[in-house]
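Note: hydrogens, waters and symmetry copies are ignored here, and every other heavy atom, side chains too, is used.
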Amino acid sequence: MKACAFDYARPKDVSEALKLLGEGGKAAAGTQSLGPMLNLRVIQPPLLVDLRFIPELKDVSGKSEYTMLGACVTHAQIEDGRVPDPTGGFMREVASNIAYRAVRNRGTIGGSLVHADPAADWPSALTLLGATALIAGPGGRREVGLERFITGLFEVDLKENELLVAVRIPKRSKAARFGYWKFCRKAGEFPQAIGGALTDPERKESRTVVGALGGAPRLFLDLNPDVSSLGKDAYDKQLHAVALKRAVEKLK
Amino acid sequence: MTQKGVGARLPRKEDKRFLRGQGEFVANIRLAGMLDVAFVRSPMAHARIKGIKKLPGVFSAEDLKGVQPIRANSSLKGFKSSEQPVLASGKVRQVGELVAMCVAATRAEAEDLADQVELDLEELPAVVDMIEARTKPPAFVHDEWGDNIFLESLVDDDLSALEKNSFVKIRRTIRTARQHMSPMEGRGVVCEWNKRLGQLVMHTAAQMPHINRAGLAECLGIDQGAIRVIAPDVGGGFGYKGILLPEEVCLAWLCRHLGRPTRWIEDRREQLSANANCREHHYDISMYADAKGRLLGIDCEATVDSGAYSSYPFSACLEAAQVSSILPGPYKMERYRCRTWSVATNKAPILPYRGVARTGVCFALELMVDAVARELKMEPHEVRLANLVQPGEMPYNNITKKHFDSGDYPEAVRRAAKLIGVEEIRSLQRQNKDSTRRIGLGFAIFCEQAAHGTSVYHGWGIPMVPGHEQCAARLTPDGVLELRIGAHSHGQGMETTMAQVANTVLGVDPDNVRLIHGDTGVTPYSTGTWGSRSMVMSGGAVATACDVIAGRVKAIAAKLLEVSAQDLILENNSVKIPGTDRGLSLSEVAHVWYRKPQLLPADIDPAGLEATAGYKAKVDTGTFSYACHATKVAVDTETGAVEILDYVVVEDGGVLVNPMIVDGQVYGGTAQGVGTALYEEMPFDAQGQPLATTLADYLLPSATEVPSIRVDHMETPSPYTRFGQKGIGEGGAIAPPAAIANAVNDALAPLGVEITESPLTPRRIVEALMKARK
């Protein structure tokens with residue numbers, strides 16, 4: 001399968017990108033999901049707006065309370081520790097288990113969030129971490145917490161003329177512990193169930209997440225939530241419960 | 001054994017180009033003015049075609065005047081013929097069936113054209129499940145048949161006494177999923193009509209080019225001489241590339257019609273959804289045994305989902321007919337009954353995949369043997385030892401008259417049991433009996449008929465019967481040996497192994513041997529590379545042709561050295577008088593023959609240094625290689641995940657021409673078998689839509705899923721072949737599903753679970769555990 005003909009643009013900054021998106025362009029970054037969709041002709045956009053050459057989208061900055069990662073930071077950059085990891089290694093671990101290295105070399109954190117495949121890792125992992133999506137649009141900038149940003153299956157709170165610019169991830173105390181466990185049929189495949197857990201005794205904070213559901217990841221503010229209703233049938237429910245249990249076990 | 005001859009672990013000659021990415025495959029070929037083709041394929045499994053609205057550059061059945069459908073009939077009694085139209089007419093009978101051909105400057109533009117074709121289809125009830133297709137058909141795939149049965153067969157016997165009196169009676173329903181062959185390279189065609197020669201020249205990813213040629217000639221209505229089929233480097237075949245595809249016929253017609261070269265390169269989606277289907281079997285099987293685990297008899301009703309059409313040349317009955325003839329496996333028994341049905345459904349035709357029916361048969365038979373072992377609380381390998389044909393009984397004619405040529409089957413089981421460590425695993429199981437990570441041990445043994453010839457195939461009456469195999473050998477004026485054979489390598493390393501054979505016979509250095517194959521224009525006829533036959537048949541032919549050349553080289557050298565030909569030997573690229581330093585190099589002999597014939601006496605044999613010679617094994621019922629696989633697995637009872645902790649293969653391929661290449665065959669086959677066991681499945685919905693049409697849904701094992709495989713070779717020479725070699729190409733893919741399923745069942749038996757359906761997915765395992773707990 002070959003993609004339909006489309007135009008290609010390479011904006012230099014966010015405002016130029018927003019203008020092109022406003023004209024019906026489709027944002028493209030790592031193209032690890034977009035590429036197959038184009039070739040399968042599932043989508044047939046008239047124009048691809050290549051975001052990879054906008055410096056602001058690759059910016060990385062940190063303060064004592066949070067780290068900001070530009071939307072075009074790749075999974076491989078996170079895996080390799082080439083950008084700061086506010087979780088002391090947890091994000092590196094998550095990144096290193098996304099698909100295959102070839103995918104990680106190109107795939108971006110922002111692309112993963114905006115695509116919002118329920119089985120992708122960042123929607124669940126960043127919801128667990130309480131990250132915030134930083135969004136630019138024709139009317140200015142706005143922020144949305146991830147648990148509200150991802151609204152459903154492949155659905156996010158982002159208009160067609162808006163752009164995810166960066167993700168802001170809060171830092172936690174040194175005593176914080178993280179756990180993440182996913183079940184994949186084989187190495188590198190999309191998981192069938194995701195569990196994530198976080199505890200920060202100094203801040204008296206406990207969070208858990210269950211992902212790879214039919215829609216947005218489910219966030220809980222304790223380590224032992226009742227997840228028995230999550231999943232589409234008995235097998236699927238068991239897998240999700242096991243994923244969460246094993247993620248929590250990793251906190252120990 | 002010489003250092004570079006038969007038996008040597010010689011590095012593969014072809015790796016020089018393959019490992020550098022310099023292989024040349026169909027998709028690498030560019031012809032001037034070439035056009036690309038995309039097909040409009042049926043979106044429905046079963047429908048009547050009411051209309052096709054198309055633009056210029058689009059061709060449908062009505063345009064292909066004079067083109068005949070593909071017919072692959074069998075002369076077996078009761079076989080019903082299906083005609084596979086190259087472009088659908090009247091009805092479509094599977095999702096992905098070719099309906100129209102679109103041609104443009106690029107594939108993308110051809111797909112644009114395809115998107116604009118409008119099909120008016122009247123959907124008909126789809127025949128999806130093979131048992132339903134047979135017993136209460138929702139529709140007829142081929143209306144004129146009145147049922148959905150290509151062929152029914154029966155090996156009859158009376159097992160009523162066993163049914164009444166046997167100590168052990170086990171009955172199971174066993175099912176293997178429809179699966180898919182996944183060579184790295186898909187199919188592909190680049191072809192043109194050569195006006196000067198009046199000849200179609202087709203480059204195609206094929207493992208049996210002469211058979212493609214025969215099939216093309218039948219469909220196009222032209223003589224075989226007007227067709228030249230060239231298979232360049234081929235990136236894996238596994239049976240899929242032995243099939244004549246409707247796409248090939250379409251492209252052949254199109255290039256002549258347009259007067260332009262045309263190209264079609266299959267993409268993975270086409271291959272998955274429309275083409276390379278295989279393996280779907282259903283068994284209702286009973287096994288009878290005595291209290292000591294001795295098998296008394298098998299009674300089986302087997303159904304094979306053959307899909308919509310009979311594929312060329314193996315036909316729709318190969319798989320089921322094989323089931324009834326090989327189900328007894330390597331075991332002895334007194335009673336055997338087997339009824340089979342080859343059933344038509346609205347799915348892609350089932351094609352012979354590495355191991356063909358053996359993988360399903362081994363799964364059914366070996367699961368039953370383990371069920372007997374559990375019933376009697378015997379070790380599974382002990383039950384096998386109690387029933388295998390003994391080495392002293394070889395050669396052995398089994399209950400279905402298969403002639404096992406040689407081997408020590410029990411020794412393979414004993415070695416596998418020792419290597420895998422039965423006692424250690426049992427003790428580990430006792431320690432971990434309450435764990436959610438349960439350990440299991442599984443065995444499977446099979447024997448594999450290979451390189452079987454005329455006497456086996458003529459009775460099937462299919463479009464192809466293998467006879468004698470030829471090799472055309474030529475020593476060039478500079479002493480290089482050219483070998484031309486009609487078989488084709490699609491990953492077997494034949495450029496290396498045939499050179500090793502030549503080295504053994506003629507003393508020629510493998511570096512000085514060129515294998516020319518995969519081109520009907522320059523090679524002797526052959527049915528090609530299938531059925532693990534090339535090393536026996538083409539290897540035999542190469543040896544025979546080299547014998548002839550050896551005689552001629554000696555005759556010339558004898559004149560030049562003024563000795564008798566009997567006093568000469570061939571080694572190290574030379575012909576020599578043993579024990580002296582007198583001799584001539586092969587290039588010196590060739591130089592005289594071609595360039596200085598004045599030095600030759602008048603009475604020299606004029607036949608020269610070029611010869612075509614043929615070969616057939618002394619007994620052509622085939623060699624029987626065999627192997628025992630043993631594996632240790634861990635099953636996660638919470639998720640259903642299976643981890644292969646250890647994997648052992650003890651195999652006997654007779655004399656191994658190149659043990660390193662055989663290792664590669666075993667590793668590759670086992671990897672595919674792991675896929676069959678745990679991952680690969682092509683499900684369909686009730687309307688006959690295939691549900692795994694990309695590699696995101698169709699899971700293939702990759703490096704992380706394939707265990708380190710420990711291979712132990714036994715070498716019992718076949719009494720019937722030139723060097724004692726046996727066909728070994730398919731074996732690796734046969735036993736893993738059975739061995740792994742037996743190991744999973746061994747792990748889960750204490751929980752009351754036995755799974756009899758492949759692949760053993762996490763879902764199947766967890767759901768079986770849930771059911772057992774209720």
Novice: Would you mind checking which part of B:E705 comes under 4.5 Å of any heavy atom in chain A, side chain (CB onward), backbone (N, CA, C, O), both or neither?
Specialist: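 Interface part for B:E705: side chain.
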
Novice: Would you call B:V37 and B:C102 a side-chain contact if the rule is heavy atoms closer than 4.5 Å?
Specialist: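 Of all side-chain heavy-atom pairs linking B:C102 with B:V37, none is under 4.5 Å.
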
Novice: Any side-chain heavy atom of A:T208 sitting closer than 4.5 Å to one from A:L198?
Specialist: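 When only atoms from C-beta onward are counted, A:L198 and A:T208 do not touch, as no gap falls below 4.5 Å.
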
Novice: Is the closest side-chain heavy-atom distance between A:F154 and A:D117 below 4.5 Å?
Specialist: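 Yes; the side chains approach each other to less than 4.5 Å.
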
Novice: How would you list, in number order, the residues of residues 765-774 of chain B that have a heavy atom less than 4.5 Å from chain A?
Specialist: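 So far as heavy atoms go, B:V766, B:E767, B:M770, B:R773 are the residues that approach chain A to under 4.5 Å.
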
Novice: Output yes when B:R187 and B:E270 qualify as a salt bridge under the 4.0 Å nitrogen-oxygen rule, no when they do not.
Specialist: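 So B:R187 does not pair with B:E270 through a salt bridge.
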
Novice: Under a 4.0 Å N-O cut-off, is there an ion pair linking A:D50 with A:K26?
Specialist: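 A:K26 and A:D50: not salt-bridged.
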
Novice: Which bit of B:R763 is near chain A, if near means a heavy-atom gap under 4.5 Å: side chain, backbone, both or neither?
Specialist: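 Both parts, heavy atoms under 4.5 Å.
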
Novice: Going by atom types alone, do B:S42 and B:Q94 pair a side-chain donor with an acceptor below 3.5 Å?
Specialist: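 Side chains of B:S42 and B:Q94: no pair found under 3.5 Å.
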
Novice: Going by residue number, which parts of residues 212-240 of chain A are within reach of chain B, meaning a heavy-atom gap below 4.5 Å?
Specialist: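 If one takes a 4.5 Å heavy-atom cut-off, the residues of residues 212-240 of chain A near chain B are A:D233, A:A234, A:Y235, A:Q238, A:L239.
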
Novice: Please classify the contact of B:T704 with chain A as side chain, backbone, both or neither, using a heavy-atom distance under 4.5 Å.
Specialist: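 Side chain only.
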
Novice: Can you check whether B:R263 reaches B:M34 side chain to side chain, under 4.5 Å on heavy atoms?
Specialist: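 Side-chain contact under 4.5 Å: yes.
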
Novice: Given a strict heavy-atom distance threshold of 4.5 Å, which part of A:A3 is in contact with chain B: side chain, backbone, both, or neither?
Specialist: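 Backbone only.
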
Novice: Given heavy-atom pairs under 4.5 angstrom as the criterion, report whether the side chain, backbone, both or neither of B:D267 touches chain A.
Specialist: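 Side chain of B:D267 only, per the 4.5 Å heavy-atom cut-off to chain A.
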
Novice: Can you tell whether the side chains of B:R41 and B:E266 come within less than 4.0 Å, N to carboxylate O?
Specialist: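 No, this pair does not count.
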
Novice: Which is it for B:F684 and B:R178 under the side chain to side chain contact (heavy atoms under 4.5 Å, CB included) test, yes or no, and what are the steps along the way?
Specialist: CA-CA 9 Å; B:F684 289 78; B:R178 180 165 277 246; 3.3 Å; yes

Novice: Should B:R437 and B:E643 count as an ion pair when the cut-off is N to O under 4.0 Å?
Specialist: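 Yes.
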
Novice: For residues A:K182 and A:F190, determine if any side-chain heavy atom of one lies less than 4.5 Å from a side-chain heavy atom of the other.
Specialist: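 Heavy-atom side-chain distance check fails, nothing below 4.5 Å.
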
Novice: Is any side-chain N of the basic residue among B:K54 and B:E118 closer than 4.0 Å to the acidic one's carboxylate O?
Specialist: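 No, this pair does not count.
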
